[in-house]
2 protein chains.
Amino acid sequence: MNINNEKDARQQIIITAAEELFAHFGLRKTTMEDIASKSKMGKSTLYYYFKSKEDIFAEVIHKESKILQGKLGKNIQLADTPQAKIDAYVYTRMKHLKKLSNYYLTLTDEYLEQYAFVEQARQHFLEYEMNSLISILQEGIEDGAFQVADVEETARAIAIAIKGLEYPLLIQKEPNDMESTITSMLNILFKGIESR
Amino acid sequence: MNINNEKDARQQIIITAAEELFAHFGLRKTTMEDIASKSKMGKSTLYYYFKSKEDIFAEVIHKESKILQGKLGKNIQLADTPQAKIDAYVYTRMKHLKKLSNYYLTLTDEYLEQYAFVEQARQHFLEYEMNSLISILQEGIEDGAFQVADVEETARAIAIAIKGLEYPLLIQKEPNDMESTITSMLNILFKGIESR
DNA sequence: ATTCGACTTAAATACGAAATGAGTCCAGAT
DNA sequence: ATCTGGACTCATTTCGTATTTAAGTCGAAT
């Protein structure tokens with residue numbers, strides 16, 4: 001395991017170097033040479049640890065994604081009611097999004113990179129999101145806190161609304177407050193707008 | 001007025017020709033020559049009626065936008081409860097969207113055209129959307145049908161959720177049903193997910 | 001007032017030459 | 001055997017320049 005740790009450590013050095021470079025200069029403008037010199041290795045050494053540049057990029061995305069999922073999981077756990085869990089989920093996601101968007105949301109700096117693995121990462125995250133929401137909803141239903149006709153469709157509806165929140169975050173230059181809009185959306189989600 | 005009608009008619013011919021060409025080939029691949037020959041006029045004649053190619057494009061977008069607004073207005077009027085009006089609004093918008101997106105939603109065929117007037121048209125439509133939603137909400141509140149803390153924020157929340165619905169419509173190739181997701185979202189909007 | 005052919009000019013395209021950078025190979029170090 | 005990196009290949013990108021295209025103007029004709 002010692003040898004393997006050593007290998008892992010070197011991989012991490014590479015990924016960390018790549019991460020910073022990608023964040024600064026984007027995928028295209030970052031060369032393997034750059035990553036190598038920042039990692040203090042020869043370029044070919046990178047190819048001992050990773051198959052390709054895309055492979056490194058994929059790892060960076062994967063790592064970022066896991067970090068967000070970690071944060072989300074943690075904050076969901078800390079919240080004690082199903083409502084608070086949803087609040088936590090949405091707020092955590094929104095706060096982290098700007099950073100994550102640097103990597104796998106097409107529109108920010110490198111536009112429309114149609115990499116298959118970016119699409120795949122997005123898909124994976126969507127699955128994670130759906131599962132998280134479904135869990136929370138189900139817990140809420142068992143609690144008696146929520147009343148939902150179709151859990152899956154409801155989760156999808158929430159996911160889509162969150163997606164709508166992403167949009168202004170990505171195109172707007174000034175980071176609009178959003179705060180009150182999110183509050184408003186969550187309020188609708190829980191209470192609806194019909195009189196009762 | 002006769003003269004003016006004649007002028008309007010010729011403008012309409014040009015706009016219609018341009019519309020079809022833009023829809024087929026996009027803004028960049030459509031030349032003024034193309035528009036002229038489709039309109040059976042000389043190219044310079046176009047400049048008698050319009051200031052520039054962008055100007056024609058702006059008119060096309062404007063016209064499309066007005067058509068959608070007309071449809072929306074009509075269908076809102078036909079619906080008799082506030083709930084039905086919101087239903088009508090959302091469904092009408094979604095049905096029409098694919099077509100409209102050809103013109104002013106960046107992602108479809110000509111990517112990321114950062115034309116100022118496209119952004120402006122979007123902004124105008126958003127204003128229209130907000131006003132429509134605010135009206136419906138206000139009517140619903142007066143009716144006693146709706147109970148809403150902040151009308152404006154609520155309208156914005158709904159607009160954002162609708163924006164989220166657009167996303168899969170634009171990137172997904174197969175026109176997913178969406179039907180049940182929309183139903184689900186509207187259900188949440190009205191009833192919320194909390195037990196009552 | 002309206003139309004169009006002829007023209008100008010800026011931008012897009014085409015293309016070959018030069019440079020860059022992803023990925024390979026192999027010899028040598030640990 | 002596990003690693004490392006210098007030297008290489010070759011596909012892609014960049015660059016400089018010649019050529020074409022197409023937006024927009026002008027002035028004469030109707």
Side-chain angles (χ1 to χ4, degrees), chain A residues 1-22 24-61 109-118, chain B residues 1-22 24-61 109-118:
Chain A
M1 209 79 270
N2 217 341
I3 297 149
N4 219 352
N5 278 341
E6 183 58 30
K7 191 165 179 172
D8 275 7
R10 310 253 324 154
Q11 283 190 323
Q12 278 310 309
I13 290 172
I14 295 168
I15 288 176
T16 305
E19 198 171 0
E20 290 170 29
L21 290 167
F22 288 152
H24 263 310
F25 309 109
L27 177 57
R28 290 191 59 224
K29 290 284 182 185
T30 302
T31 71
M32 289 299 268
E33 208 62 78
D34 294 339
I35 299 172
S37 67
K38 181 144 198 167
S39 308
K40 288 173 183 152
M41 301 175 195
K43 187 174 64 135
S44 342
T45 307
L46 299 184
Y47 287 93
Y48 177 74
Y49 292 104
F50 295 96
K51 198 171 108 282
S52 64
K53 187 180 172 182
E54 285 203 0
D55 201 39
I56 295 177
F57 188 57
E59 281 304 318
V60 169
I61 285 177
D109 82 290
E110 219 127 299
Y111 27 65
L112 282 242
E113 308 280 356
Q114 221 52 325
Y115 292 107
F117 59 88
V118 173
Chain B
M1 210 80 266
N2 216 340
I3 297 150
N4 219 352
N5 278 340
E6 182 58 31
K7 190 164 178 176
D8 276 7
R10 308 262 312 162
Q11 284 190 325
Q12 278 310 309
I13 289 172
I14 295 168
I15 288 176
T16 304
E19 198 172 0
E20 288 169 30
L21 289 167
F22 289 150
H24 262 311
F25 307 111
L27 177 58
R28 289 192 58 223
K29 290 284 182 188
T30 302
T31 70
M32 290 297 270
E33 206 67 77
D34 294 339
I35 299 172
S37 67
K38 182 142 197 168
S39 309
K40 287 174 185 148
M41 302 174 196
K43 186 177 64 139
S44 338
T45 306
L46 300 184
Y47 288 92
Y48 178 73
Y49 292 105
F50 295 96
K51 194 172 111 281
S52 65
K53 188 181 172 183
E54 284 201 1
D55 200 39
I56 294 177
F57 188 57
E59 280 305 317
V60 168
I61 285 177
D109 80 290
E110 218 128 299
Y111 28 65
L112 282 242
E113 308 280 359
Q114 221 53 323
Y115 293 107
F117 58 88
V118 173

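All figures in this text were calculated on a predicted structure; none of them were measured in a lab.
Rounding to the nearest 0.5 Å places CZ of A/Arg10 at 3.5 Å from CE of A/Met41. Note that OG of A/Ser44 and CE of A/Met32 are 9.5 Å apart. Values are rounded to the nearest 0.5 Å. Here the straight-line distance linking atom OG1 of B/Thr30 with atom CD1 of B/Ile35 works out to 6.5 Å at 0.5 Å rounding. Distance check: B/Tyr49 OH to B/Ile14 CD1 gives 6.5 Å after rounding to the nearest 0.5 Å. Summarising the geometry, atom OG1 belonging to B/Thr16 is positioned 11.0 Å from atom CG belonging to B/Leu21; distances are rounded to the nearest 0.5 Å. One distance of note links CZ of B/Phe25 with OG1 of B/Thr31; it measures 10.0 Å at 0.5 Å rounding.
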Distances under 3.5 Å only, N/O to N/O: pair up the protein atoms with those of nucleotides 27-30 of chain C.
none

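A close approach under 4.0 Å does not occur between any side-chain nitrogen or oxygen of A/Tyr48 and OP1 or OP2 of D/dT4. Taking 4.0 angstrom as the limit, A/Thr45 places none of its side-chain polar atoms (N or O) nearer than this to OP1 or OP2 of D/dC3.
The CG atom of A/Asp34 sits 12 Å away from the C1' atom of C/dA22 (whole-angstrom rounding). Counting to the nearest Å, the C1' atom of C/dC4 and the NZ atom of B/Lys40 are 17 Å from each other. Rounding to whole angstrom units, CZ of residue B/Arg10 and C1' of C/dA1 are separated by 12 Å. As a whole-Å value, the separation of A/Ile56 CD1 from C/dG23 C1' is 12 Å. The distance between atom CD of A/Gln11 and atom C1' of D/dC3, rounded to the nearest whole Å, is 13 Å. A/Ile13 places its CD1 atom 13 Å from the P atom of D/dC3, with the value rounded to the nearest Å. Following rounding to the nearest Å, A/Phe57 (CZ) and C/dG23 (P) show an atom-to-atom distance of 14 Å. Going from atom CE of A/Met41 over to atom C1' of D/dG5 covers 12 Å, rounded to whole Å.
Counting heavy atoms from C-beta on, the side chains of A/Lys29 and A/Asp34 never come closer than 4.5 Å. Residues A/Ile13 and A/Lys40 are not in side-chain contact: their nearest non-hydrogen atoms beyond the backbone lie 4.5 Å or more apart.
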Worksheet item: Taking protein heavy atoms under 4.0 Å as touching, what does nucleotides 23-30 of chain D look like 5' to 3' if B marks base contact, S marks sugar-phosphate-only contact and - marks none?
Response: BBBB----
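Terminal axes of the helix from C/dA1-D/dT30 to C/dT30-D/dA1 (five pairs each, C1' rotation axis) are separated by 40°, to the nearest 10°.
Across every non-hydrogen atom of A/Ala17 and A/Ser39, the tightest pair is CB-OG, 3.5 Å. Contact between B/Arg28 and B/Lys53 at its shortest, heavy atoms only, is O-NZ, 3.9 Å.
In this structure, A/Tyr49 reaches the sugar-phosphate backbone alone: every heavy-atom distance under 4.0 Å involves primed, P, OP1 or OP2 atoms, never a base.
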